[in-house]
Amino acid sequence: MDLSYGAEAEAFREDVRSFLAAAWQPGERRKADLKDYIRAFRRQAVEAGYLYRSVPKRYGGAEQPVDVIRAQVIREEFARARAPMEVGGNGVNMTVPTLLEKGTDEQRELFIRKTIEGEYVWGQGYSEPGSGSDLASVRTKGELSPDGTRWIVNGQKIWTSQGMQSTHMFMLVRTEPDAPKHDGITYLLIDLDQPGVTRRPIRQMTGEEGDHTFCEFFFDNAESPVSWQVGTRGQGWQVSRTTLKHERAAIGSADGLGNQFRKLVDLAKEVGRIGDPLVRDELARIEGFVLSHRYTSFRLFSCSAAGEDPGRVALMMKLYLTEIGHEMALLAQELVGEHAFVEPAGAGGRGPRGPRGPEKWLDQIMGSLGNSIAGGASNIQRNIIGERGLGLPRDLALELEAGGGRA
Amino acid sequence: MDLSYGAEAEAFREDVRSFLAAAWQPGERRKADLKDYIRAFRRQAVEAGYLYRSVPKRYGGAEQPVDVIRAQVIREEFARARAPMEVGGNGVNMTVPTLLEKGTDEQRELFIRKTIEGEYVWGQGYSEPGSGSDLASVRTKGELSPDGTRWIVNGQKIWTSQGMQSTHMFMLVRTEPDAPKHDGITYLLIDLDQPGVTRRPIRQMTGEEGDHTFCEFFFDNAESPVSWQVGTRGQGWQVSRTTLKHERAAIGSADGLGNQFRKLVDLAKEVGRIGDPLVRDELARIEGFVLSHRYTSFRLFSCSAAGEDPGRVALMMKLYLTEIGHEMALLAQELVGEHAFVEPAGAGGRGPRGPRGPEKWLDQIMGSLGNSIAGGASNIQRNIIGERGLGLPRDLALELEAGGGRA
Amino acid sequence: MRFHLSEEQIAIQDAVRGTLADCWPMERLHKFADSGDDFDPDSWAALMGLGLGGILLPDSGMGLLDAALVSEVAGEMAAPGPLIAQLLAVAAVARSGSEAARAHLDGLVAGTTIAALALGDSQFVQSARAAQVLLVGDRDGGIALVEAGEGVTIEPVQPTDRSRPVSRVSFAGAIRHELFSAGDPLAASLCDAALVLIAADALGGALHCTDISVAYAKEREQFGQPSGRFQALKHQLAHMALDAEPARALVWYAAYAWDAGLPDAARAAAMAKAHLCDVYVRSTRAAVAAHGGIGYTWEYGLNYWFRRAVLNRAWLGSPAEHRVRAAVMAGW
Amino acid sequence: MRFHLSEEQIAIQDAVRGTLADCWPMERLHKFADSGDDFDPDSWAALMGLGLGGILLPDSGMGLLDAALVSEVAGEMAAPGPLIAQLLAVAAVARSGSEAARAHLDGLVAGTTIAALALGDSQFVQSARAAQVLLVGDRDGGIALVEAGEGVTIEPVQPTDRSRPVSRVSFAGAIRHELFSAGDPLAASLCDAALVLIAADALGGALHCTDISVAYAKEREQFGQPSGRFQALKHQLAHMALDAEPARALVWYAAYAWDAGLPDAARAAAMAKAHLCDVYVRSTRAAVAAHGGIGYTWEYGLNYWFRRAVLNRAWLGSPAEHRVRAAVMAGW
């Protein structure tokens, strides 16, 4: 085993550093000025082959061969220089790969460049009230206009992140109400800036309800051209499976968990409990999981770099992360004690956050529960591990209901 | 609330004490002499109304009205005097109530007195290899002899406690192989002392394999008179439900758990760990469950004495006990440390137990797992709590398979 | 021998439950939570109208068990405060020899004089702005009744528990009536009673979380079935019930032991506080998970119970602190 | 960058697995467990025939990671000892300056001279009766090689772990060759290596328990379905896998850090030992529960892994002890 990246990668690292030293000099720029500078910088970085590496050049990408080591070096060096990476979000992580795989040339031309340049921001339109993990229980209706050129959409979507910023949405709509559940769904792109669309931020249990929270969307005879439908009519469920896979790969950066653990240790020091044998034992116990997660992410990375299949462990990372988050939340709650009587300043996105004491952990204490819900509930993750990872037979109710249609 | 038993019960307690002071004087008696003395004592105790209170006098019982307070006083006073209670075992706890409820007069005459006097010892013949919690998956066959007077039994039963001592067995046999699963079973009594019956003790993971362990039984054209069949042919599943209910009521004496917890505290002292903050915290944490269990048993007892329904909590005691046992096992394992490298003397019932140190906890550490298995596996208990206790709908697979036949 | 509830006790719980259902529906709770108030006069008047204020009067014919049963329903319904403070203030004042304090007794029993609780080392006090008197624990272990007003500094904060909002309070130079001096067993006993009442609130909250999760699992369909039919969720719900329901008797026993003056009353109170507050935290977390997305919304309201669990757990000492006390009291 | 197994490493594991499958089937293990022996010459010869003895020679081209991979398979197959002792004895003797000890090196590498391990404070030694030399940790932190024979007292006991039976051993007045004096970093490093090898054994055992439980759940029918179709058992099995599989990388890292001489090698060894031994105990318990009755029988053999988990957990320090060390090493 060898955790160094090798000479070739280190030479590449030097290239990236040189590039950044020359190209990323934001100085004292602010606001619009800075925005323009960043836009120009990203264009240079794409030309240099550092951003949007998997996107063809004709759509504004760098069109580079897959190389996870190089990608990692780029991430590290950009982070060190505090230089902006890709715009991120659902558009780059989900819409672009889906269009590259399943879209028409027209759709690619229309959307990819504007998405990776940050002009189009995409919301996800899968969840509906009550659908929970059963994403195929789509009730939002799509009906063809009498002239057959537009989809008319009616219904409601929920839990759309970046919903207040989104310009567009990729969504599942039920277009063949009489077909078997998984066969009557169509995958549609839609412009959110139209009279038939209403959005409302969802206030969460943390109190959060600001610009960066989830939204729900109401569709009342909203319209989208038929040419914006991705894949075959009625086969939207299969199209959406591509993107969900991408989402799973995007979640679970090991560094985030490690940073949070270090903050938990700092919290124990801050509240004077780091000498408490119970706290020390619990910290070290949790760290066993944190490190297992970290080194497993190395393992996945290494397999990915070598083009090898890491096996069942890849299916476990999401749930593992969620469960560690729960453990950390419980210890944090013990440590904050009465500090938790006061809600952290800026919760709910109302007003500036300002300096915050131990009570800021309340966000994590509640937020750890959000992880069990977002991106596939924990019980679904357990099914995935049991069925795809261990090869156990499918739940009878799911098997009967799906009729074999669900991947 | 009032945990005293009241004046009437205390007066009754005096009666019991007087009786015991006079009737229970075993002195230096040993072996056969002591055995005779005990037999005579039990007869006196039955006459006084203290033992076999629910069994009619004509079958050798005391035939007393139900009174859980009196029964509790009797238990307490007999325990204090170290006087023998009922012979116990499956015969008294399961066969006798079943025969009283579902047996023929002939069967009652034949079996009850000899059972409560300890002459007949009953093994339970429900589990079969691989049947697990699915007790209705009976494969042991019962076929009528050509002249229609005897059942011919072929198959295998397992996990029969007191199997080496058992003289008789109550068992489920499949008599109508073509009927729906739950409708083709007959409940049968059988004499185990016949050529067609072979018994073998099961060696358990603790190493135990002595006179008091479980057995498996092999039936090779074993026979039983048709008149020993209890209830209607093919309705044995319903007959067996009566007895399982009795079994559940018999498990879960709160005192046993409390005693074991006190021993765990003693163990912490013995190994010099009682001052360890982790151990103190864990002991007190576990005690929260131990006391909850104890006081809930008071609650159940109190409801029972008042003839009131305690509700869903009654369904939880078995699983609660099992889970507390697991917690205690894990702490015990921490406490015994390297003492656990040596198997406790007398494990496996080979030779005398002799004085045993902390390593004796190995029996509990493994034994706590036996609790999850015996008397209905924990997942079945969770189903019972969820379905009968909380009113949640039945598992689809169980519903489809049972076809409504299972209670 | 009697260790389950009497019809009268069940009737009291039903009365409190019915009253709160009327005057404290979710819309009202939502409005209160965003109002910035720390006291709700309407629900208070309704509860006090039931005569709850006098439960812990020495001659009430009731006792801590009855108070705990009321506190349980308050926890179940996420009722606003300062119910526990009021019950304890009556108990304290009625048992003290302070004439100045006893002048407040009638008002306290009627609920027209509102009491807040400042036992322990905490600087946070529920309903502090509404209170006319504060039951204060001295650093040395005595207990005093402090008059609100001059010398009492109250700094409002954004409270985590929106149903029982706290303020930051200090008492330098306020008017105070000593009720029990340091070392008076009644002082320690009152603190024990507080622990039992908090444990009871936690019990009610945990059972509520279980019940609404079960109800939701029966109603909500997933994959063509009520979600509660799936064994995984069913077993998670079974474990919620398993965690909370047997612990009910632990609260009963602690209250009974206090009422009967049993030697293990103080230890039982510590065990109940530690155990139930842990149960409550687990139950609220499990309830959010069992609900999925809707449980994470503010609108659904589950977060109020979650926030109460946060407060109950840390209020008057964490579970770990009470386990340390329990270990010492056991002579370990 | 390489943080997954090479084909060569997978081949080594397969070779060890195949060898043990041949020479150490369940019948053999059953027989050994009841024999009272503490050493099995046949399987030893087969394993040593693979050349495993020399893995930790400084010039082997292999390292602790490879040794850990072997130990993992030994744990998976419940192989008899004293494999870990032998690997470490070779590492220790080869790195020491003691000529007298080095005279044993060839025999140790070949497996003809059998080594037992007596590091730490333990009085219990595996395969003590078979061993010709013992790698002994001195109370002051040094390490010596002790010759079996005069001065070494061995008292057989009924061992809990039937696949690696221990005896009670003392060394008053035995012939000893000092390998590393107190304070020599190599002495501490060897103890770290022992922790990693135990962690690897625990990993293999935990994965084995998971795998046989999964296999059983596919094969066994309950209520007309393979029992693994039921969500409750399925999720329990998923959690067994979740507990063991990600922890594999923790063992790899600890071994890699030792081989690479990274500054966090000692801490990584402590974390791996603590974490994996906890995982193993949980896995064996979960495996028995997942099997039901058959898992509780001696005949099925699951108890051998359960007993190994008992030994591994307490061997060379409990998880809590190593967590204390890890906390200190982190500077908390």
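Values below: every heavy atom of this structure, side chains too, minus hydrogens, waters and symmetry copies. Here is the naming used below: chain letters follow the sequence lines, and residue numbers restart at 1 for every chain.
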Worked verdict on D:D161 versus B:F341 for side-chain contact (heavy atoms from CB on, under 4.5 Å) = CA-CA 7 Å; D:D161 180 354; B:F341 286 4; over 6 Å; no

query = Is there a side-chain contact (heavy atoms from CB on, under 4.5 Å) between D:F230 and B:N379 once you walk through the steps?
reply = CA-CA 10 Å; D:F230 291 98; B:N379 281 345; over 6 Å; no

ask   = Which is it for D:F223 and B:K181 under the side-chain contact (heavy atoms from CB on, under 4.5 Å) test, yes or no, and what are the steps along the way?
value = CA-CA 10 Å; D:F223 306 106; B:K181 184 173 171 186; 4.2 Å; yes

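Within 6.0 Å of atom NZ in B:K141, 12 or fewer heavy atoms from other residues, nucleotides or ligands are found, so the atom counts as exposed in its surroundings. The number of heavy-atom neighbours closer than 6.0 Å to NZ of B:K269, taken from other residues, nucleotides and ligands shown, is above 12.
Taking each heavy atom of B:Q333 and D:V281 in turn, the nearest pair found is NE2-CG2, 3.5 Å. The heavy-atom pair separating D:F124 from B:V342 by the smallest distance is CE2-CG2, 3.4 Å. When all heavy atoms of D:T160 and B:A340 are compared, the closest pair comes out as OG1-O, 2.6 Å. Nearest approach of D:W298 to B:Q204, heavy atoms of both residues: CE3-O, 3.4 Å.
The residue among D:Q236, D:E221, D:R229 with the most heavy atom pairs within less than 4.5 Å of chain B is D:Q236. Taking chain D as the reference chain and counting heavy-atom pairs below 4.5 Å, the highest number among B:M366, B:R382, B:H339 is found for B:M366. Contact count versus chain B (heavy atoms, under 4.5 Å) is highest, among D:G293, D:S318, D:G301, for D:G293.
Rounding to the nearest 0.5 Å places CZ of B:R203 at 4.0 Å from CG of D:D34. Rounding to the nearest 0.5 angstrom, the gap separating the CG atom in B:L369 from the NE2 atom in D:H291 is 13.0 Å. Expressed to the nearest 0.5 Å, how far CG of B:L362 lies from CZ of D:F306 amounts to 7.5 Å.
Looking at B:S127, neither its backbone nor its side chain comes within 4.5 Å of chain D, counting heavy atoms on both sides. Heavy atoms of D:R307 lying under 4.5 Å from chain B belong exclusively to its side chain. Contact annotation for D:V157: only side-chain heavy atoms (C-beta onward) come within less than 4.5 Å of a heavy atom of chain B. At a 4.5 Å heavy-atom cutoff, the contact between D:Y296 and chain B is made by backbone and side-chain atoms alike. No part of B:N383 comes within reach of chain D, as not one of its non-hydrogen atoms sits under 4.5 angstrom from that chain. Proximity to chain B (any heavy atom under 4.5 Å) is restricted, for D:I294, to the backbone atoms N, CA, C and O. Contact of D:R285 with chain B is made through backbone and side chain together, with heavy-atom distances under 4.5 Å. The contact between D:Q222 and chain B is made by backbone and side chain atoms together, counting heavy-atom distances below 4.5 Å. In this structure, chain B has heavy atoms under 4.5 Å from both the backbone and the side chain of D:V288. Residue contact with chain D, scored on non-hydrogen atoms closer than 4.5 Å, involves the backbone and the side chain of B:I365 alike.
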